[in-house]
2 protein chains.
Amino acid sequence: MKLVTQVRYGTRILLDLAMHQSKGIVQMGDIASRQNISLKYLEQLIMPIKNAGLVTSKRGPKGGHRLAKSPDQITLAQIIRIFEKEYVPKEISDDTSTYSEHQDSLIREAWDEALEAFYNRLEKVTLADLSIGTTKKLWESSGLLIFT
Amino acid sequence: MKLVTQVRYGTRILLDLAMHQSKGIVQMGDIASRQNISLKYLEQLIMPIKNAGLVTSKRGPKGGHRLAKSPDQITLAQIIRIFEKEYVPKEISDDTSTYSEHQDSLIREAWDEALEAFYNRLEKVTLADLSIGTTKKLWESSGLLIFT
DNA sequence: TTTAATTCATACTAAATTGATATAGATTAT
DNA sequence: ATAATCTATATCAATTTAGTATGAATTAAA
């Protein structure tokens, strides 16, 4: 059970967008250099995020991306769900007899509820939580409020 | 986030052991044929289960494996923990500046608590739950109590 | 209306993980 | 001794994940 890199990068992208919200639209190229991710890889990552409705985009020169919701409406759980493909557990047994169905349904039910509990906790961390912390720290350490 | 095959097979092995408890010690070869898993693969899977203290073994002829605890002391969560290697989420940011530490610790904390919630639910399903269901179903459907 | 900046769409490659097989050694009841 | 059984590695194949490359579609601006 691991936090795939796509989630880490995805979070960085969204966080970057959140912190540069005031600029309006932001270019992938800028994020790429700021976050030190290859532009091409980043372009791939932003796509599912966009399809999930977390950002909107505009093509052409002066185009770019922006958050589709306010940072406190975007949660860690949402980001993780985009990349961790929802997985239905296979049957424990490989036969088709009736008696294994009971086991399988017990396991599946527990699994589903466990996943729900997992995501519930992750719903509680928003981009706002993360970026507020960031700008605050920046302010404290440098005396400059760079990202506003 | 998926239930790896190792967990499915591991569960089947333990369930098989649980259902043949009365025989005392059980050979991997028997489990392999009953569960339709290659003996060699199965031998690999039983090792971490043994190291986790869920079963004990005896070598030589008439050797084999048996559960180290009663079936109601063995939970799905335990089995999953054996195979899903405990994974510490990497830092979101790759720089070493102070301001990213706050984000990372927020995320890590949420992640840890989410995992805990996940496993808590899975603690509630024991081998006994699964095997009791099985023998009962068998009884009902065939009139024969095969696994006792 | 051409040009250049940008997102969008795929195809491809490389590395890591997982699933499975193979070979041989260690232990022990008979 | 011998054969049955578990133990320990090595190897291979399949799948998934990470990352790169190529180029088309869109559009602001000169």
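Bear in mind that the values here come from a model prediction, so they are computed numbers and not experimental data. To find a chain, count down the sequence lines: A is the first, B the second, and so on, and within it residues start at 1.
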Quick test: give all pairs of protein nitrogen or oxygen and nucleotides 5-9 of chain C nitrogen or oxygen below 3.5 Å, distance rounded to 0.1 Å.
{"residue": "dT7(C)", "atom": "OP1", "partner": "Met28(A)", "partner atom": "N", "Å": "2.8"}
{"residue": "dC8(C)", "atom": "OP1", "partner": "Lys50(A)", "partner atom": "NZ", "Å": "3.0"}
{"residue": "dC8(C)", "atom": "OP1", "partner": "Ser57(A)", "partner atom": "OG", "Å": "2.6"}
{"residue": "dC8(C)", "atom": "OP2", "partner": "His65(A)", "partner atom": "NE2", "Å": "3.4"}
{"residue": "dC8(C)", "atom": "O4'", "partner": "Arg59(A)", "partner atom": "NH2", "Å": "2.9"}
{"residue": "dC8(C)", "atom": "N4", "partner": "Lys40(A)", "partner atom": "NZ", "Å": "3.1"}
{"residue": "dC8(C)", "atom": "N4", "partner": "Glu43(A)", "partner atom": "OE1", "Å": "3.0"}

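Counting distance only, with no hydrogens placed and no angle test, the side-chain atoms of Gln44(B) and the base atoms of dT21(C) include a donor-acceptor pair under 3.5 Å.
Atom CD1 in Ile25(B) sits roughly 17 Å away from atom P in dA4(D) (whole-Å rounding). As a whole-Å value, the separation of Arg8(B) CZ from dT18(C) C1' is 13 Å. A straight line from CD1 of Ile31(B) to P of dT5(D) spans 12 Å, rounded to a whole angstrom. The CD1-P distance, from Ile80(A) to dT17(D), rounds to 15 Å in whole Å. Distance, Leu42(B) CG to dA20(C) P: 12 Å, rounded to whole Å. A straight line from CD of Gln6(A) to C1' of dA15(C) spans 15 Å, rounded to a whole angstrom. In this structure, Ile49(B) atom CD1 and dT7(D) atom P are separated by 12 Å, rounded to whole Å. Between the OH atom of Tyr41(A) and the P atom of dA11(C) there is a distance of 19 Å, given to the nearest Å.
Summarising the geometry, atom OG1 belonging to Thr75(B) is positioned 8.0 Å from atom CG belonging to Leu54(B); distances are rounded to the nearest 0.5 Å.
Under the 4.5 Å side-chain criterion, counting only non-hydrogen atoms from C-beta, Asp72(B) is not in contact with Asp129(B). Counting only heavy atoms from C-beta outward, the side chains of Ile46(A) and Met28(A) approach each other to under 4.5 Å. Within the 4.5 Å cutoff, no side-chain heavy atoms of Phe83(B) are placed close to those of Arg8(B).
Counting heavy atoms of neighbouring residues, nucleotides and ligands inside a 6.0 Å radius, atom CD of Glu116(B) does not exceed 12 of them.
Taking 4.0 angstrom as the limit, Ser38(A) places a side-chain polar atom (N or O) nearer than this to OP1 or OP2 of dT20(D).
Remark: of the listed residues Val26(B), Leu14(B), Thr56(B), Leu14(B) is the sole one forming a side-chain contact (heavy atoms from CB on, under 4.5 Å) with Leu67(B).
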